[in-house]
Chemist: 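Questions regarding the structure given below will be posed in turn.
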Amino acid sequence: MIVYRTISKGKIKWFRCELLVWGKQHRRKFPWRNTSYAYAILAAEFMLQKTNAPLVAPLYEEFMEKYPTVEALAETQFLEIKNILQPLGLSFRAERLHKSAQLLVKEYQGKIPNTQAELLKLPGVGKYTARSICANAYGQNKAVIDTNVARIFERFFGFEGGRVKSRCPLLWQAAEEIAPPRDVGIWNLTLFDFGAEVCTAKNPHCDRCLLRERCGYLKQQVK
DNA sequence: AAGACGGGGCA
DNA sequence: TGCCCAGTCTT
């Protein structure tokens, strides 16, 4: 169970500032971060679901060369898509991505919708993916929760429960409260990278963490 | 609310 | 070996 309690504005602000400073230097570079082409971002989001980002990068570039448009993807045989995505595992994603592409061509004139509600109608698109597309492709201020964000919040702010509960309203509400008023897309990326590089699931690098002095997790360890 | 899906990377 | 990864969908 995740218990939400009010967080002081000061602590939130401090958290934001520190993390954004960290992000300026340490944010990772990935091919899907260089574009605002909505289809390219949608494809990336599918591949990234529950999958290590550095593993996705080379395969993603190959994928985008072969299927540069949603129409191209929709027309491709499913088996071919399944094969190219095979090294990523979770193979049902290939089918959902293909189905989504076909639906987008058929019902949306090949345009990727720019609202959470419409995106949620696509197979394989849940709250996280829908909001990520809104943020990364359309510049909307949509905060997201993934395993990294959930873990960081849990440790720093002292929420209970680390697993991603994609339908826990309170955690999503907290994410919106904690996110800065603008550039939330960048903010999301900063949190992912911080979770991947510093606030890792196993053996977090608390010794070189700039959030150390106010982190609930570390205080707990010291006791 | 819990379980299934998954190959690859890393300790 | 065992744990973990930019989640979603089905009981």
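Residue numbers begin at 1 in each chain, while the letters A, B, ... track the order of the sequences.
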Chemist: In whole Å, I'd like the distance from the CD1 atom of A/I41 to the P atom of C/dA6.
Modeler: 18 Å
Chemist: Pick the P atom in C/dT8 and in B/dG8, then give their distance to the nearest Å.
Modeler: 23 Å
Chemist: Figure out the CG/P separation between A/L85 and B/dG8, and round it to whole Å.
Modeler: 13 Å
Chemist: Would you mind reading off the distance between A/I152 atom CD1 and C/dA6 atom P, rounded to a whole angstrom?
Modeler: 10 Å
Chemist: I'd like to know if A/R208 and A/E197 make a salt bridge, using a cut-off of under 4.0 Å between side-chain N and carboxylate O.
Modeler: no
Chemist: Say we look at C/dC5 and B/dA1: how far apart would their C1' atoms be, to the nearest angstrom?
Modeler: 22 Å
Chemist: When you match A/L189 and A/L120 each to their closest nucleotide on DNA chain C, which lands nearer the 5' end?
Modeler: A/L189
Chemist: Mind listing the residues from residues 19-40 of chain A sitting with a heavy atom below 4.0 Å of DNA chain B? Number order is fine.
Modeler: none
Chemist: Using the C1' atoms only, state how far C/dT10 lies from B/dG7, rounded to an integer number of Å.
Modeler: 22 Å
Chemist: Check every strand shown and say whether A/V125 touches a base, only sugar-phosphate, or nothing at a heavy-atom separation below 4.0 Å.
Modeler: sugar-phosphate
Chemist: Using the P atom on both, measure B/dA11 against C/dA6 and round to a whole Å.
Modeler: 15 Å
Chemist: Do A/E176 and A/N141 have side-chain N/O donor and acceptor atoms under 3.5 Å apart?
Modeler: no
Chemist: Could you list the residues that satisfy ring pair (Phe, Tyr, Trp, His ring centres under 6.0 Å) with A/H26, not counting sequence neighbours?
Modeler: A/W22
Chemist: Report yes or no: do A/S91 and A/Q86 form a side-chain donor-acceptor pair below 3.5 Å?
Modeler: no
Chemist: Grab the N/O contacts between the protein and nucleotides 5-7 of chain B below 3.5 Å, and write none if there aren't any.
Modeler:
unit_1: B/dG6; atom_1: OP1; unit_2: A/S91; atom_2: N; d: 2.9
unit_1: B/dG6; atom_1: OP1; unit_2: A/S91; atom_2: OG; d: 3.4
unit_1: B/dG6; atom_1: OP1; unit_2: A/F92; atom_2: N; d: 3.3
unit_1: B/dG6; atom_1: OP2; unit_2: A/S91; atom_2: OG; d: 3.3
unit_1: B/dG6; atom_1: O5'; unit_2: A/L90; atom_2: N; d: 3.4
unit_1: B/dG6; atom_1: O5'; unit_2: A/S91; atom_2: N; d: 3.4
unit_1: B/dG6; atom_1: O4'; unit_2: A/L90; atom_2: N; d: 2.9
unit_1: B/dG6; atom_1: N1; unit_2: A/K50; atom_2: O; d: 3.1
unit_1: B/dG6; atom_1: N2; unit_2: A/T51; atom_2: OG1; d: 3.3
unit_1: B/dG6; atom_1: N2; unit_2: A/L88; atom_2: O; d: 2.5

Chemist: In terms of the nearest nucleotide of DNA chain C, which residue is placed more toward the 5' end: A/L122 or A/L48?
Modeler: A/L48
Chemist: Measure from CG on A/L42 to C1' on C/dT8 and round the result to the nearest Å.
Modeler: 14 Å
Chemist: Apply the test side-chain contact (heavy atoms from CB on, under 4.5 Å) to residues A/Y67 and A/E75: give CA-CA distance (whole Å), side-chain angles for both, the deciding distance (0.1 Å), then the verdict.
Modeler: CA-CA 9 Å; A/Y67 319 113; A/E75 289 164 8; over 6 Å; no
Chemist: Quick one: A/I145 CD1 to C/dT8 C1', roughly how many Å, whole number?
Modeler: 16 Å
Chemist: For A/W172 and C/dT8, what is the distance between atoms CH2 and C1' respectively, to the nearest whole Å?
Modeler: 12 Å
Chemist: Would you indicate, yes or no, if C/dG7 has its OP1 or OP2 atom less than 4.0 angstrom from a side-chain nitrogen or oxygen of A/T147?
Modeler: yes
Chemist: Answer with yes or no after comparing the ring centroid distance for A/Y217 and A/F156 against a 6.0 Å cut-off, counting only values under it.
Modeler: no
Chemist: When rounded to the nearest Å, what value does the distance between P atoms of B/dA4 and C/dC3 take?
Modeler: 16 Å
Chemist: In whole Å, I'd like the distance from the NE2 atom of A/H205 to the P atom of B/dA11.
Modeler: 9 Å
Chemist: Are A/R33 and A/D193 ion-paired here, with the side-chain N under 4.0 Å from a carboxylate O?
Modeler: yes
Chemist: Within the 3.5 Å criterion, strictly below it, is a donor on A/T51 or A/R93 matched to an acceptor on the partner's side chain?
Modeler: yes
Chemist: Does NZ or CZ of A/R16 fall inside the cone over A/W187's six-membered ring, less than 6.0 Å from its centre and within 45° of the axis?
Modeler: no
Chemist: To the nearest angstrom, how far is A/K99 atom NZ from C/dC9 atom C1'?
Modeler: 14 Å
Chemist: Would you say C/dC5 has OP1 or OP2 under 4.0 Å from some side-chain N or O of A/R151?
Modeler: yes
Chemist: Give a yes/no on whether any side-chain N or O of A/T129 is located under 4.0 angstrom from OP1 or OP2 of C/dT8.
Modeler: yes
Chemist: Does a donor on one side chain and an acceptor on the other come within less than 3.5 Å for A/Y108 and A/E118?
Modeler: yes
